[in-house]
Amino acid sequence: FGFYGGIDLMYYLGGSETVLGQSVSAHTLMYGLDLGYNIKVAILTIRPLLGLGNFTVSTSPGGASASNLYLEPGVTGLLSFGTLIVGADANLLVLPGINTPTGSTTETAFTIHGQIGARF
């Protein structure tokens with residue numbers, strides 16, 4: 001019927017910096033679900049979608065981590081060449097209710113990803 005459901009798992013390697021003379025590193029793990037609708041035009045599929053899941057940032061040393069709900073509305077464009085699929089997506093990553101020393105806030109980022117895959 002054109003509906004799409006998917007499972008997301010992303011690991012961002014992060015980075016490190018020196019804070020007060022000590023090296024601090026951070027990385028992020030995201031996992032969740034995507035729900036969308038496929039609009040097919042010849043070899044092009046356009047898929048508006050919404051991602052929903054958990055966003056966890058871990059830091060070291062100390063092993064501290066913080067988790068938060070994420071929402072990720074966006075659109076994906078896919079080109080199909082037989083069993084090969086190539087595409088890109090553009091999304092808004094929204095992290096509502098992040099606790100900060102001055103209260104709760106919402107953080108938003110624009111993300112772009114490339115995709116390559118095979119149809120089974």
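All values below come from the heavy atoms of this structure, side chains included, with hydrogens, waters and symmetry mates left out.
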Check your understanding: Atom CE in M10, atom CZ in F55: separation rounded to 0.5 Å?
Key -> 11.0 Å
In residues 18-46, what donor-acceptor pairs under 3.5 Å come from side-chain atoms, sequence neighbours left out?
residue, atom, partner, partner atom, Å
S25, OG, S60, OG, 2.8
Y31, OH, N54, ND2, 3.2
N38, OD1, R47, NE, 2.6
N38, OD1, R47, NH2, 3.2
K40, NZ, A42, O, 3.4

Check your understanding: How many angstroms lie between atom CG of D8 and atom CG of L49, to the nearest 0.5 angstrom?
Key -> 8.5 Å
Check your understanding: Can you name the residues that form a side-chain hydrogen bond (donor to acceptor under 3.5 Å, both in side chains) with S16, not counting sequence neighbours?
Key -> none
Practice item. Provide the closest heavy-atom pair for N68 versus G97 in the form atom of the first, atom of the second, distance. Key: OD1-O, 3.7 Å
Exercise for review: Only counting residues at least two apart or in another chain, list the ones meeting side chain to side chain contact (heavy atoms under 4.5 Å, CB included) with S104.
Suggested key: N99
Exercise for review: Give, for atom CG of L50 and atom CG of L92, the distance between the pair rounded to the nearest 0.5 Å.
Suggested key: 11.0 Å
Practice item. List in chain and number order the residues that pass side chain to side chain contact (heavy atoms under 4.5 Å, CB included) with T106, two or more places apart in sequence or in another chain; answer none if no residue qualifies. Key: V94, P96, T108
Check your understanding: Quick one: are L52 and L69 in side-chain contact, heavy atoms under 4.5 Å?
Key -> yes
Exercise for review: Go through the structure and list residues passing side-chain hydrogen bond (donor to acceptor under 3.5 Å, both in side chains) with E107, not counting sequence neighbours.
Suggested key: none
Study note, to complete from the structure: Interatomic distance, CD@E72 vs CG@L93, rounded to 0.5 Å, equals 5.0 Å
Point to revise | Other cluster members, L78 - Ile/Leu/Val/Met/Phe/Trp/Tyr, side-chain contacts below 4.5 Å | key: I85
Review point. In Å, rounded to the nearest 0.5 Å, how long is the span from OG1 of T83 to CZ of F120?
Key: 8.5 Å
